[in-house]
Amino acid sequence: MTSAFAATSEAFEGHFGRAAARLYVSAPALSQQVRKLERAVGAELVDRSTHPVRPTEAGARFLAEAREALAAADRAVAAVDRYRRELATTLRIGFMTASAGPQVRGLIDELRREEPEAVVRLVELPWDRQAASVRDGTVDAALVRPPVTDRAGLRFDLVRHEPRVVARPVRHPLAGRGAYRPSVRTMGEQLEVVAAGQAIAITGGFVADSHRHPGVVFVPVSDVEPCALSLCTRTADRSALVAALRQALRAIRPRRDDPAATSRS
């Protein structure tokens, strides 16, 4: 129907031959399109008895609406095109509060050096959505810490290893307490639980640098494996921006970390 609108609009310039040339079709084909449209609307739109041809009264009314419809269609196509370009230049990176910091800023700075047109959107995630948000496309990548129970379809590139610390309440009343495992979703909730004396928490050393709570102290732990902070992406993602993000990570990753510490599932 859109092509018929265009054909009728062009035909109203008064000459089917010139209109057909502008549309890169033959004059008979253009005339056929206009006839088809006239049958569809149930009225003659062009007065073919005049030279040059002119719109009928019905045609004049149709023409005004048709031109507006064509303009709207052009705007709709342009809107989709802008959206496609935005998707191609926007990278959504998920993080937990404790993951934000110099590593994230350094990664983004390196990415922008290679991709200056890239738009980075940071999306804060709860613990239980670290990997799931990457898998379902909520974000394109995320900085995650263990544990990640379901690694299917995901790729993990090491950002850095962090020492472990224990977060415990300033006054520690847990010696005689039985088993207890409160459910928390964010670092803020965890610190409140610790401060209330309901639990202690073993976490990454970066948490001690980025969070403060008057009721919580952080004590280094030296006899456990360090905490791995990783960049999580979809294994099958071949987009240029995700590839650039992985390359940016390789460029800034400290030499002391194992550069081969990449896992795929």
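Keep in mind that what you see is a predicted model, and the values were worked out from it rather than measured.
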Inset, instruction - Before accepting this row, confirm whether a basic side-chain N of the pair Glu57/Arg61 lies closer than 4.0 Å to the acidic partner's carboxylate O. - result: yes
Inset, instruction - Could you tell me which non-hydrogen atom of Ala131 sits nearest to which non-hydrogen atom of Asp150, and how far apart they are? - result: CB-O, 4.5 Å
Inset, instruction - Would you give the length of the straight line joining atom CD of Glu114 to atom CG of Leu241, rounded to the nearest 0.5 angstrom? - result: 12.0 Å
Legend entry - Verdict with reasoning, Arg129 to Asp136, per side-chain contact (heavy atoms from CB on, under 4.5 Å): CA-CA 10 Å; Arg129 291 289 300 166; Asp136 66 19; 2.4 Å; yes
Inset, instruction - Give, for atom CG of Leu158 and atom OG of Ser230, the distance between the pair rounded to the nearest 0.5 Å. - result: 5.5 Å
Legend entry - Qualifying residues under side chain to side chain donor-acceptor pair (under 3.5 Å), relative to Ser49, sequence neighbours excluded: Asp47
Legend entry - Passing option when Gln130 is tested against Leu143, Val139, Val144 for side-chain contact (heavy atoms from CB on, under 4.5 Å): Val144
Inset, instruction - Nearest 0.5 Å please: distance from the CZ atom of Arg135 over to the OG1 atom of Thr233. - result: 12.0 Å
Inset, instruction - Could you tell me whether the side chain of Arg121 reaches within less than 4.5 Å of the side chain of Thr90, counting heavy atoms only? - result: yes
Inset, instruction - Indicate, with yes or no, if Leu122 and Leu231 share a hydrophobic cluster defined by side-chain heavy-atom contacts under 4.5 Å among Ile, Leu, Val, Met, Phe, Trp and Tyr. - result: yes
Inset, instruction - Find the distance between CZ (Phe62) and CG (Leu37) and round it off to the nearest 0.5 Å. - result: 4.0 Å
Legend entry - Backbone N/O of Glu44 and side chain of Thr56: donor-acceptor pair under 3.5 Å: yes
Legend entry - CZ-CG distance between Arg75 and Leu70, expressed to the nearest 0.5 angstrom: 10.5 Å
Inset, instruction - Take Val46 and Glu38 through the side-chain contact (heavy atoms from CB on, under 4.5 Å) test and state the conclusion after the steps. - result: CA-CA 9 Å; Val46 179; Glu38 287 177 325; 4.2 Å; yes
Inset, instruction - Give a yes or no on whether a salt bridge exists between Asp157 and Arg250, defined as a side-chain N under 4.0 angstrom from a carboxylate O. - result: no
Inset, instruction - Dump the intermediate steps for side-chain contact (heavy atoms from CB on, under 4.5 Å) on Ile108 and Leu245, then the final yes or no. - result: CA-CA 8 Å; Ile108 293 174; Leu245 184 66; over 6 Å; no
Inset, instruction - Report yes or no: do Val134 and Val123 belong to one cluster of Ile/Leu/Val/Met/Phe/Trp/Tyr joined by side chain heavy-atom distances under 4.5 Å? - result: yes
Legend entry - Straight-line distance of Arg160 CZ to Leu229 CG, nearest 0.5 Å: 7.5 Å
Legend entry - Heavy-atom pair of closest approach, residues Pro146 and Ala228: CD-O, 3.2 Å
Legend entry - Crowding at CD, Gln32 (>12 non-hydrogen neighbours, <6.0 Å): no
Inset, instruction - For Arg35, check side chain to side chain donor-acceptor pair (under 3.5 Å) against everything at least two apart and list the hits. - result: none
Legend entry - Evaluation steps, side-chain contact (heavy atoms from CB on, under 4.5 Å), between Val120 and Arg112: CA-CA 9 Å; Val120 176; Arg112 285 175 173 159; 3.8 Å; yes
Inset, instruction - Could you tell me which non-hydrogen atom of Leu125 sits nearest to which non-hydrogen atom of Gly94, and how far apart they are? - result: CD1-CA, 3.7 Å
Inset, instruction - Keeping to residues at least two apart or across chains, list the salt bridge (Lys or Arg N to Asp or Glu O under 4.0 Å) pairs with something in residues 229-247. - result: Asp140-Arg234, Arg234-Asp237
Legend entry - Any donor-acceptor N/O pair, Arg92 side chain to Gly137 backbone, under 3.5 Å: yes
